[in-house]
Amino acid sequence: MTEPLQSFDWKSSNYERPSNTWVCGRMCEAGEPCRLGPSSKGGCQVQSQCEPQEKDGKYQCTRSVINGGKCKDGPSPDGNCCQPDTSCQPRRSLLARRRLLGGIAAFIAASLCLFIFGGSSPSSLLSPGEVTASHANFESNCNACHTAAAGGLGTWIQTAFDGDAALKDTARCLKCHTEMGERALFAHGLPVNKLAEITERIRKETASTTAPLALQLASLAGHPAANDKLACSTCHREHHGREASLTHLTDLQCQACHTRQFKSFQHGHPALGDYPYERRSRIYFDHDAHLNRYFAKDEFKRTMPAGRKPEACNSCHTPDATGGIMLTGSFENTCASCHEPQIEDVEFPGVPFFALPSIPANALKAQGEWPNTAGPFKTAKLPQLMELLLEYDPHYRNAIKQLGDVDFRKLHSIDPEHNAAVAEIAWSIKELLYEIATTGESALKQRLGDSSPEYLHLTPSIVPTLTQAQLIWFPNLATEIKYHREKKPVPHPTSQKIAQQTSSFSIDASSGWSISESDFTIRYRPMGHADPLLKGWLDRAIQSNIQALDNDSMWHILSNPTASGTEDTQGALASGRCLMCHSVDQDLESGISLINWKPLPAQQMQKHFTEFSHGPHLLTGQQENCKGCHTFENLRTENPAILKRDYFIRASSNLFWQINVDSQQTCTSGFQPINRQTCVTCHNKTTATQSCLQCHNYHTHKLTENH
Amino acid sequence: MRNLFIQQRIAIAVFAILSLMILAGCYLFSISLAKTSFASGAILLTCILFLACYQLRKKLSILPIGSASTWLQFHIFIGFLSFVLFMLHMKMRIPDGLFEFILFLTYFTVFLSGVLGWLLSRSIPHRLLSRGEEVIFERIPLHRRKIHDKVKALVFENAGDGKAIPDFYEQHLRTFFEGPRNQLRHILHSERHRHQLSQKIAALKPFLNEQEQATLLQITKKIQLKDDLDYQYIFQAIIKAWLFVHVPLTYSLIIFALYHTLAVCAFASMSR
């Protein structure tokens, strides 16, 4: 049994104070501590040596009693203390060293923070990570996105306690993302009332299903309120690397705010309704009739021998560059083989824009020429353009006033007392032709003014044809007008002179304008599909006063897509039935109307709640793939009935084709709406392709701006 | 012992339940599009401050706020819980930003040093009990000096006229007794150095007379005593050394965390 190293009796054991800052240096070096120990300031308290003082020529010891009293031997003769120096250099205790190290660590940390805060470009040090590639250009400029970066520490603290800081940061996002529109901060970019309306509709239309447990529990934590402004950072989290997705959200997160919550697309997702036929197609095309009737047994060959039958769906429809949408081929490549001859309609003489009414010679009283004195006149009214031009003339207005509701087909049987008024109409027509012949387009502009802008700038212009007609029909018009204005008798020209002048004219029929000498009319015959004059006139006409258009005979001829007939019966003509296929949309807010000349240009693709990309779905065998999703309605309804039911539902003004929101009447171009179960066959839990974001967009700013 | 075992089981169960609750809470919070990082960060900061308070508690032992032992148990428990929160806060990835990476490193070093300290505090006491006498760490130099003095006395006063023992002392024992030796071997539980010295003593023994042999026997006992003291020294030093990493870096961590909190609140505003 060895003697224990450590004794704990009070005499032989020192009281250890490890919390003291200083430890005796001799303890550390040799394990021989003095009993005094170091002072609290780290000084050795051992004072073995004293400072002897000289007294009467002899040095005397000055050691105090506390330090042991005077030495026996006393100082040396030269005044040095006889005791050896036994003082030590105290050392820091472990605890003190740890404290010191802690102080240094805290100092370094604080200095680093100050350095980061005070540096000229703190972004690289403070940034929690790289921003996405799309924001990389201004990564070094924190101020571009963060309001806190605009100032110093005070701004930081102020921003940290600012409840609207996120919205202020969002305002910086929107400086660049202007496409989000004015309602960017609202849920889905929709007005609060619109969102409430949609929510209410969904609440009514869709059955309630059991929400997933996670969503039920998450609802306890609350969610962004529908009428609150939402910051971009609610969904978009930056600084997660160049390749990070800013738009990724889980299905549960998408549903957090939604009224109807469900498990997945496969289980519980509401039916797709009329998708993708929430609105009718811009170009009407009855697939069912074409594919199942006209092309089925080559029936079309009977009436359209030059027609070509499409071999497959991709004969007419091809995906765009992104594969997102299926583009419809051009008219020339798809419809022309059958329908171009219909539109060209060589039998059609043209739409009359100007016509000389048949005026009896006795009414004119031999006052100048009038070529049409005996021929029939087929319409009760003058052509619309001609009427508009004549209405500028006060003499004409007076004459019409006198005649009342005049029927131009019956001028020969008119009461003789009205002959003067009829003659006035004749002179007004001559004045009109004379003005156009002498001043050209400016005469049209002056006479039509702002009242009928749709008739201005007709391309190709009617002016050259009118001028030619004037020279043919009224070769001495200048002389006649001169005499008429001077109220002198108009001399009668020789027939030789007329013949000479007439023979020098040549009419350019390729412009579409023609002069008919048989019935003294100026007609325009459309040159084929997309005729520039009709297209331009219709584009301008729908922007005009719609009430005025209701009385416009031109509009009646050219806008009615279903009727048929001639100009005499105000029916549409084959060549004028543009709106048979091209629908008209009207913006409900701005009131601006637009004829859909194109099916859906890719650049006009708008963001909707639901988005579908054909590309991935067209892997092999396009035709089969198309039919897998697009199934015919099989209604076997006659074409006109479909037209009336689905497509040509007019507004109260009887002018515009409105978007039909009634799912039972929505035009589907002959197809059934897409069935959700069709999608589920591929988009299900097994394939893991049933995420909300697979098909749905959150931001619908374009949708709200345009609809 | 049984109670301790049950307490440990309860602590593990509570830890697991709390961790799951935190994970579930953050998950559900994230579904509602709330910023879970703010929630996990706030709880984490609270945990760190609470953990740092343990140091304060040790200084303010006079206050009736629970025993240091209880505080230590909570310190360990909250320390592990903070790691769960930390991983959640970081979304299980190493941060890209320089400052956040420094913060990450600091936390991790503090946490790992804490775990190391916890493991050491669990394993070293058994080792210390297994060998030698329990001594106060600060007194070890004193005991070492005393042993050395006794050895010197044996060598130079009781060894007779022979030179064998003094020579042996000068050649093999002086350095051994002067300070702590064979620290790494003690850590590795190696006794090779003692065997080597024993062999040397055994080789010397046949050349000594009886008195010298008796002296050598006493010296051998002092060698054992000194070696045990070295063992005590190195393990007590280790059990104190990890705090030189854990405690100072805690101060850095608190400063970094507060700065991070300010920056986050200013730059990634808390509102939705």
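Numbers restart at 1 for each chain; the letters A, B, ... are given by sequence-line order, proteins then strands.
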Show the nearest heavy-atom pair for residues [X] and [Y], with the distance to one decimal.
X: Leu101(A); Y: Phe244(B); value: CD2-O, 3.3 Å
X: Cys113(A); Y: Tyr259(B); value: O-OH, 3.4 Å
X: Ala218(A); Y: Ser32(B); value: O-CB, 4.0 Å
X: Arg98(A); Y: Gln55(B); value: NH2-NE2, 3.6 Å

Contact class of Ile147(B) relative to chain A, heavy atoms under 4.5 angstrom: side chain
Heavy-atom contact with chain B under 4.5 Å, split by part of [X]:
X: Leu249(A); value: side chain
X: Arg237(A); value: side chain
X: Leu112(A); value: side chain
X: Ile108(A); value: neither

Point-to-point distance, once rounded to the nearest 0.5 Å, from [atom1] of [X] to [atom2] of [Y]:
X: Ser93(A); Y: Glu138(B); atom1: OG; atom2: CD; value: 8.0 Å
X: Ile31(B); Y: Leu217(A); atom1: CD1; atom2: CG; value: 8.5 Å
X: Leu33(B); Y: Thr250(A); atom1: CG; atom2: OG1; value: 8.0 Å

Heavy-atom pairs under 4.5 Å with chain A are the metric here; pick the option from Glu100(B), Arg144(B), Arg139(B) that has the most. Arg139(B)
One option among Arg93(B), His260(B), Lys240(B) has the most heavy-atom pairs under 4.5 Å with chain A, and it is Arg93(B)
Between Ser252(B) and Ala109(A) (side chain of the first, backbone of the second, donor and acceptor by atom type, cut-off under 3.5 Å), is there such a pair? no
Whether Phe267(B) and Trp156(A) hold their rings parallel, tilted or perpendicular, with breakpoints at 30° and 60°: perpendicular
